[in-house]
Amino acid sequence: MCWQKRDFFLSIILLFVAGNTGAKLAGGHEGSSGTKLELIHRHDLLRNPRNGVHPVPTFQRMKQMFHHDTIRYRALSSRPRMKHGGRISSARRQVQENTGYYQACTNGSGIRAGEMPMYSGADDGTGQYFVHLKVGTPPQKVTLIADTGSELTWTKCNYMCEGAQCGRNLRDRRVFRADDSSTFKTVPCSSSMCKIELANLFSLAQCPSPMDPCAYDYRYLDGSSTVGVFANETVTFSLTNGKKTRLENVLVGCSGSSRGQSFQAADGIIGLGYSNHSFAVKAAKEFGGKFSYCLVDHLSPKNVSSYLIFGSYHETDISPTELQYTELVLGVISPFYAVNMKGISIGGILLGIPNEVWNVNGVGGVIVDSGSSLTFLTQPAYQPVVDALKPSLSSFRTSNQDFAPLEYCFNSTGFDESLVPRLVFHFTDGARFEPPVKSYVIDAATGVKCLGFVNATWPGTSVLGNIMQQNHFWEFDIAKARLGFASSSCSS
Ligand SMILES: *[C@@H]1O[C@H](CO)[C@@H](O)[C@H](O)[C@H]1NC(C)=O
Ligand SMILES: *[C@@H]1O[C@H](CO)[C@@H](O)[C@H](O)[C@H]1NC(C)=O
Ligand SMILES: *[C@@H]1O[C@H](CO)[C@@H](O)[C@H](O)[C@H]1NC(C)=O
Ligand SMILES: *[C@@H]1O[C@H](CO)[C@@H](O)[C@H](O)[C@H]1NC(C)=O
Ligand SMILES: *[C@@H]1O[C@H](CO)[C@@H](O)[C@H](O)[C@H]1NC(C)=O
Ligand SMILES: *[C@@H]1O[C@H](CO)[C@@H](O)[C@H](O)[C@H]1NC(C)=O
């Protein structure tokens with residue numbers, strides 16, 4: 001029972017999970033109000049509070065983002081795929097059985113396992129946008145990374161901990177104090193929720209006594225590990241009509257410490273992926289079956305901000321008639337949101353890209369991912385896109401700085417967006433996504449722009465990243481399995 005008096009540590013939950021969730025969503029608050037949360041870009045959170053300006057130059061910020069994206073993509077592309085829905089049994093479960101958390105219990109210094117650096121882990125399953133969320137009763141504010149590639153919502157957390165045993169965590173002002181919340185209910189390890197449903201989220205099999213919390217342990221390939229307990233908690237929202245509402249029994253991971261760049265500014269992750277226990281699916285059930293977001297250019301002034309909405313978006317400048325819709329393919333490249341694309345045109349000419357590249361049910365497919373900044377195209381799509389765009393840029397001197405994984409960068413003195421032909425993503429059901437030029441000829445440093453596509457190995461998944469998504473409103477309608485989008489300034 002020693003774990004009851006210990007601060008739990010865990011950092012990242014890697015979500016290899018899957019599952020045809022096929023959840024049926026009722027329209028809880030449909031037609032009434034929704035809730036709108038500000039989405040804050042990572043770089044805004046890291047702004048120097050003293051002088052209010054970015055402490056890091058564009059070049060370095062972009063390098064960090066590119067690095068993060070590369071790692072994320074690697075993890076994403078090594079994920080197993082679902083053919084027809086079913087569950088993936090978690091292959092790693094057996095390695096967890098005799099390690100981690102319980103070892104930490106029997107070895108007083110075992111807590112060091114949680115202090116291992118988690119470079120790869122910290123960058124995995126995380127994203128670039130943050131939200132403030134009110135968790136517990138009374139509500140405590142936590143700042144979480146909004147990630148459409150994560151299933152579990154977790155926060156840095158103190159649970160059943162006293163005095164010196166909480167040491168390190170108590171120094172972190174923003175840690176969630178589970179002991180102060182009257183609605184924090186750990187999931188019992190004897191429950192079928194722990195034993196069956198959460199097996200996909202790496203719950204542990206050990207269960208010394210039936211009401212002990214359901215613990216989980218994830219080990220990264222680099223030897224680091226994450227440990228924590230699952231709990232149900234209440235989340236409080238301010239509705240767009242000014243009232244407040246509470247969402248009960250939201251699954252959260254309670255984590256005691258974390259390592260890695262992503263968590264300098266954030267307290268954890270809000271899981272917006274598609275799976276039975278993700279926050280997005282739970283909140284969508286309550287608010288009309290959908291969530292949406294609008295991303296401004298992350299380099300734009302502070303007076304416009306991105307936002308995340310659950311439910312109705314009456315209060316925004318978006319009217320439903322402006323939205324184009326395409327089918328949302330759920331549960332195949334789980335927990336990501338996939339779409340059926342059929343091609344890319346540049347300057348009105350459809351490029352010769354083999355159909356397999358777009359086939360979600362084969363070895364290709366495209367996902368819309370809030371957690372990646374860049375857009376990844378598998379090689380048979382990358383090559384023609386770059387070939388079609390390069391001629392318009394041939395008069396600019398190529399940059400000799402290294403912006404890997406971006407390959408084509410140039411000195412943008414004298415650059416004018418009208419020189420670049422318009423790129424359009426075409427969906428099989430007729431929808432067309434036409435991003436602004438600045439979303440694919442992107443700023444990489446002062447005076448340097450790059451073609452914002454990454455060459456990804458084939459076969460593999462292509463990714464529409466958040467730079468490509470910017471200045472658009474995106475509606476993830478889970479209940480109707482469709483993705484709506486419209487161009488927007490995101491200004492209201
Ligand atoms: C998700 O929920 C549905 C319905 O409740 C269930 O049939 C399915 O097995 C669940 N999936 C997982 C991965 O637990
Ligand atoms: C406890 O774990 C630490 C680090 O893993 C190890 O160095 C130490 O020998 C262990 N102590 C005991 C009593 O097993
Ligand atoms: C946690 O919430 C789920 C519903 O999301 C519920 O089925 C389960 O019984 C709850 N468990 C506890 C311990 O409250
Ligand atoms: C933001 O501020 C700039 C000036 O700093 C102004 O031109 C612009 O209209 C403002 N945008 C909004 C949406 O208020
Ligand atoms: C781009 O080229 C101009 C001259 O054509 C030069 O003055 C400027 O320093 C160059 N910028 C970069 C970032 O290399
Ligand atoms: C893209 O990567 C593949 C290897 O994965 C390579 O063969 C190809 O030449 C690359 N294409 C470009 C344009 O760099």
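Atoms within each ligand, like the ligands themselves, are counted from 1 in listed order.
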- Relative to ligand 3, is K282 under 4.0 angstrom through side chain, backbone, both or neither, heavy atoms considered? side chain
- How about atom 8 (C) of ligand 6: does it have a protein heavy atom within less than 4.0 Å? yes
- Item | Element-labelled atoms of ligand 6 that are located less than 4.0 Å from some non-hydrogen atom of T457 | 5 (O)
- Message: So if I count the atoms of ligand 6 from 1 in the order they appear, which ones are less than 4.0 Å from some heavy atom of Q383?
- Response: 11 (N), 12 (C), 13 (C)
- Message: Students often mix this up, so state it plainly: with edges at 30° and 60°, are the rings of F184 and F176 parallel, tilted or perpendicular?
- Response: tilted
- contact_flag V386 ligand 6 heavy-atom lt 4.0 Å: no
- Give a yes/no on whether the SG-to-SG distance for C207 versus C194 is below 2.5 Å. no
- Message: I need the nearest protein heavy-atom contact for atom 1 (C) of ligand 6: residue, atom name and distance, please.
- Response: N455 ND2, 1.5 Å
- Smallest separation among heavy atoms of L451 and L406, with atom names: O-CD2, 3.5 Å
- Which protein non-hydrogen atom lies closest to atom 12 (C) of ligand 5, naming both residue and atom, and how far is it? N411 ND2, 3.5 Å
- Message: Pairs of nitrogen or oxygen atoms closer than 3.5 Å, one from Y382 and one from ligand 6: do any exist?
- Response: no
- Query: Of all the non-hydrogen atoms in the protein, which one sits nearest to atom 4 (C) of ligand 5, and at what distance?
  - Reply: R397 NH2, 3.9 Å
- Item | Where ligand 3 meets K185 - atom numbers and elements under 4.0 angstrom, heavy-atom basis | 14 (O)
- Among N232, T186, L251, which residue places a heavy atom closest to atom 3 (C) of ligand 3? N232
- Against heavy atoms of E407, which atoms of ligand 6 measure under 4.0 Å? 12 (C), 14 (O)
- Task: Examine the side chains of E233 and S181 and answer whether a donor and an acceptor come within less than 3.5 Å of each other.
- Result: yes
- With a 2.5 Å cut-off on the SG atoms, do C157 and C254 make it? yes
- When you measure from the side chain of Q383 to the backbone N and O of Q379, does any donor-acceptor pair fall under 3.5 Å? no
- Task: Would you mind running through ligand 5 and noting each atom that sits below 4.0 Å from a heavy atom of T413?
- Result: 1 (C), 2 (O), 3 (C)
- Task: Indicate yes or no: at least one non-hydrogen side-chain atom of L374 is less than 4.5 angstrom from one of Y73.
- Result: no
- Note on the structure: If you scan protein heavy atoms around atom 13 (C) of ligand 5, the nearest is T446 O, 3.8 Å
- Could you check if a side-chain atom of L251 sits within less than 4.5 angstrom of a side-chain atom of N232, using non-hydrogen atoms only? yes
- Query: Taking the six-membered ring for Trp, are Y274 and Y337 parallel (under 30°), tilted (30 to 60°) or perpendicular (over 60°)?
  - Reply: perpendicular
